[in-house]
Amino acid sequence: MTTDATDQTAPTSPEDARAQLQAQVSALPARPGVYTFRDANDRVIYIGKAANLKSRVRSYFGSPRSLEGKTRVLARRIAALEYVTTHTEQDALHLEATLVKRHQPFFNVRLKDDKHYPYLKIDVDAPWPRVTITRRVAKDGSRYFGPYASAKSVRTTLDLVKKLFPWRSCDKVITGSDPRPCLEYYIRRCIAPCTSFCTPDEYREVIDQTMLFLEGKSETVVKQLKTAMTDAAEELNFERAAQLRDQISAVEQVTETQLTAATAAAEIDVFGLAVDGDEAVVQVLFIRGQKMAGSDHFTLAGVKEETTGSVIASFLRQHYESGLQPPKLVLIPSEIDDLDLVQDWLTEKRGTRVEVRHPRRGDKRRLVEMATENASETLAMSRVRWLADRGRTDAALTELEEALSLPAPPNRIECYDISNTQGSNVVASMVVFLEGRPATSEYRRFRIKTVDTSEGPNDFASMAEVIQRRFKRLGEERRAERAQGYVVPDEPQVATGPEDEQSESEGWGAIPDLVIVDGGKGQVSAAHDVMRNLAVDDIPLAGLAKREELLYLVDSSDPVRLDRRSQGLYLVQRIRDEAHRFAISYHRRLRARQSSQSTLDRIKGIGPRRKKSLLKKFGSLQAMREAEVNDLAATPGMTRRLAEQLKAEL
C-alpha cells in the first residue's frame, strides 16, 4: 500500500491551483485505491474508492454538465487531492469505510451514531471454556453469538444460558485439585471441573449444548438431553435423570416463548431505509435462530441526491467496518453497486460465505418491508422528539438570532416553497412555526394565478406573487397608518383563520420574526423587492439553499453557513422540509384532480347535469364524436350553440 498527497503550499492563483490539480490527476496510477478531496480550508470534504484511481478521479475534472448536482458542487470546491493505492479493490473498500468514519466528510453518506454491539463469546480453544460478554469480534478461534441490541439484552441471555447449562463462570485456573466446589455446584449452575467432579468430555458436552442453544438449535439440545436422561435412568442413576428432566423442561419452556414466525433456524440481518431530505434512518432487525434477537436504528447524514442503493452500500461498509460480525445472510431494501465486492469483503470478515440479497417476494421481502416501516416511524419520531424538546428549540432560536443578527429570537417563522411540474399546476405553501413548533392551523396554500408559465416554470415570479398576496394587507395597513401619522407597532397580533386558500386574507395581521424562502439569492431578491414595495422590508428575510444548506440574506453578499451539527440549522431544515411537503401534497392533489377530469369538464357551459345527460344518451366520448350536431343538440339541456362547440372540441 502506497500513499501520495498534493503539495500543501498555496498556489498563487485559482488558475495555478486548478492546473496543479489537473497535473496531479494526469499522473495518478491506474490502480485500485482511495482518494481524498480537501477544500481551500484544508478540510476533508469527500473520500472515495476506485478500482482505477486515474479514471475515477479524472471524472470530477471534466465538463460540469456531465456531473450530477451534488457532484458538481463537490467538484467546484476541490482544492487538494490525496490518494492511497491498495493491492485490491477489496482493500480499498475496507480503507474507504475506515477513513469515512474517521473524518466524516460532508459530501459522503455519514453514519452519525456508530455503535459497538455486545456479543456472547465462547473461547472454544481453551481447556475449560467460559461464556463471556465482549464488544469486539476477533479472529481468535472463539465462537461469537449476537449481536445483541443492548447490554441489557445480552446480560439477560447470559443469565438464561447460565441457568440452563452448568458451565463455569469463574476465571480461576482449573487444576481439578480444589478440596471442595463453590456454591454454584450445589445450586446446579456448574458441574465443578475445579474438583474433578466432571471429565473434560462431560464439560465439553455442556459447552456444545450451550452453543447449539445460542445457534437456535434447541430441538437438537432437547434430543441430546433426552438421550442422556434415558441412559441415566437405565443405569438407575435416578438423581441424574431427574436433573436432566428438569433441564429439558426449562429449555422447552424458554424455546416456546422465543419462537417467532420463522420456520427454520436462520442468521440474518434485515435492513430498512427511510429518507427525509439530507437525513436518513436505517433500521436493522437481528434474526438469530428462530427468534428476533433484537433491533436497532442508525441515523445517516449527507444522503441528499443519493440513490437508495448508494446509501445502503455506504451504510453497510461503515456498519460492518466497526468489527461487527456479518451474518450468513444480509437482506437489503434495494440493489447496490459493487454487490460482489461487498459480499466478498463481508465473507472475508466472517470467514464463511455471506450473501447480500434484495428479496422481491415471500417472507424475506416482508421482513424488509417491516424494517422499512420501522425506519419510517423512527425517523418521524425523532423529528417529533426534537421539536418537543424545549431546550433544543430554545437553543435553535437563539442560534438563529445570533447568526442572522436578529433583534430577538424568531418566535414566529414563516417559510414559503413553490411546487410545479414543468410549469403546470404551480402552487405554493406557507408553513408557520411558533416558538420552534409547527402551527398547522396557520398553514396556507396558494395556487399561482398571475405568472405566465407557457414557456416553463418561473419560480422567482411565483415567489413574488405569493409574498405579494401574503403581505399586501399588512402593507396597506402600514401605509394608511403612516399617512395618518401613526407609528407602526412592533408587537405582532395573533393570527386566526381556517386553513384554506379562500381565507388567505384572514389572519394576515401576525407579523413574522423571520421569513424563509426555499432557494438562494434569486428567490431572496424576488421576495425582497415585493416586501420593499409593500413597506414591510423591515421583516427579516432569508433564503435556505439546498445542497450546501446556506442561508442567503438581503444585505450580505456572503451567505451564512451554520455549523452542520447546530440546532439552528436542524430547525430551519425541518421548517423548509415541512414547507416542501405541504406544497407537494397540494400540487399532487391538483394534478390528480386535473387528470380525473374528462374533455366534457373543460368545455365552458357543460356542467354536471348536461354531462350526465350526454353520457346517458351516448354512453361514451367516441359515440359523441361520431354523432351529428342535431343529435347532440337534441339532448335534454343542450342548445345548438353548445352542441357545435362540443363537436369542435371533440
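What you see is a predicted model, and the numbers here were worked out from it, not measured in a lab.
- You'll find the side chain of Arg365 reaches within 4.5 Å of the side chain of His358, heavy atoms only.
- Here Leu544 contributes atom CG and Leu569 contributes atom CG; the two are 7.5 Å apart, rounded to the nearest 0.5 Å.
- Between Val34 and the options Leu99, Leu93, Thr85, a side chain to side chain contact (heavy atoms under 4.5 Å, CB included) holds for only Leu99.
- Considering only heavy atoms from C-beta on, Val206 comes within 4.5 Å of Ile191 through its side chain.
- In this structure a side-chain-to-backbone donor-acceptor pair under 3.5 Å is missing from Asn41 to Arg43.
- Judged by distance alone, the side chains of Asp344 and Thr347 never bring a donor and an acceptor atom under 3.5 Å apart.
- Between Gly520 and Ala545 the shortest heavy-atom distance is CA-CB, 4.3 Å.
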* Worked verdict on Tyr35 versus Leu81 for side chain to side chain contact (heavy atoms under 4.5 Å, CB included) -> CA-CA 7 Å; Tyr35 55 93; Leu81 163 66; 4.1 Å; yes
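- The CG atom of Leu367 sits 6.5 Å away from atom CG of Leu331, with the distance rounded to the nearest 0.5 Å.
- Annotation: side chain of Phe107 is in contact with side chain of Arg77 (closest heavy-atom distance under 4.5 Å).
- Listed by chain and residue number, Arg317 satisfy the side chain to side chain donor-acceptor pair (under 3.5 Å) test with Glu96 (two or more places apart in sequence, or in another chain).
- Between Ile174 and Pro127 the shortest side-chain heavy-atom distance does not fall below 4.5 Å.
- Ser142 contributes atom OG, which lies 12.5 Å from atom CG of Leu120 (distance to the nearest 0.5 angstrom).
- Taking 4.5 Å as the limit, every side-chain heavy atom of Pro32 sits out of range of all side-chain heavy atoms of Asp91.
- For Phe37 and Tyr60, the ring centers are positioned less than 6.0 Å apart.
- Pro326 and Val354 make their closest contact through CB-CG2, 4.2 Å (heavy atoms, listed as atom of the first residue, atom of the second, distance).
- A 6.0 Å sphere centred on CG of Asp337 holds no more than 12 heavy atoms belonging to other residues, nucleotides or ligands.
- Between Leu379 and Ala274, the shortest heavy-atom contact is CD2-O, 3.9 Å.
- The two atoms that bring Ala92 and Gly33 nearest to each other are CB-O, 3.6 Å, heavy atoms only.
- Between Glu369 and Arg366, none of the side-chain N atoms (NZ, or NE/NH1/NH2) sits under 4.0 Å from a carboxylate O, so this pair counts as no salt bridge.
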* Under the side chain to side chain contact (heavy atoms under 4.5 Å, CB included) criterion, do His319 and Leu316 qualify, and how do the steps go? -> CA-CA 5 Å; His319 178 62; Leu316 290 178; 5.5 Å; no
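- Glu202 CD to Ile207 CD1: the interatomic distance, rounded to the nearest 0.5 Å, is 13.5 Å.
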* **From CA spacing to verdict: side chain to side chain contact (heavy atoms under 4.5 Å, CB included), Val342, Val330** => CA-CA 11 Å; Val342 172; Val330 175; over 6 Å; no
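- Contact annotation: the side chain of Leu300 never approaches that of Gln318 to less than 4.5 Å [non-hydrogen atoms, C-beta and beyond].
- Side-chain atoms of Asn108 come within 3.5 Å of backbone atoms of Ile47 as a donor-acceptor pair (strictly under, hydrogens ignored).
- The closest donor-acceptor contact from the side chain of Tyr46 to the backbone of Ala75 lies at 3.5 Å or more, if one exists at all.
- Between Arg143 and Val124, the closest heavy-atom pair is CG-CG1, 3.8 Å.
- Not one N or O on the side chain of Gln573 forms a donor-acceptor pair closer than 3.5 Å with the backbone of Glu549.
- Once rounded to the nearest 0.5 Å, the distance linking OG1 of Thr88 with CD of Glu348 reads 8.0 Å.
- In this structure, the side chain of Tyr203 engages the main chain of Arg168 through a donor-acceptor pair within 3.5 Å.
- Shortest non-hydrogen contact noted between Ala371 and Phe271 is CB-C, 3.8 Å.
- Residues forming a salt bridge (charged side-chain N to carboxylate O under 4.0 Å, His left out) with Asp338 (at least two apart in sequence, or on another chain): Lys49.
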* Asked: Yes or no on side chain to side chain contact (heavy atoms under 4.5 Å, CB included) for Leu28 and Tyr83, after CA distance, side-chain angles and deciding distance?
  -> CA-CA 9 Å; Leu28 284 172; Tyr83 70 89; 3.3 Å; yes
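- By the 4.0 Å N-to-carboxylate-O rule, Asp201 lies too far from Arg204 to be salt-bridged with it.
- Formation of a donor-acceptor pair under 3.5 Å by the Asn52 side chain with backbone atoms of Lys54 is found in this model.
- Taking a cutoff of 4.0 Å between a charged side-chain nitrogen and a carboxylate oxygen, Lys328 and Asp269 do not qualify as a salt bridge.
- Atom CZ of Arg574 and atom CZ of Arg581 lie 12.5 Å apart (nearest 0.5 Å).
- Between the side chain of Ser585 and the main chain of Phe582, a donor-acceptor pair closer than 3.5 Å is present.
- Side-chain N or O atoms of Asp123 include one that pairs as donor or acceptor with a backbone N or O of Arg130 at under 3.5 Å.
- Two residues are said to be in side-chain contact when any heavy atoms from C-beta on lie closer than 4.5 Å; Pro327 and Ile268 fail this criterion.
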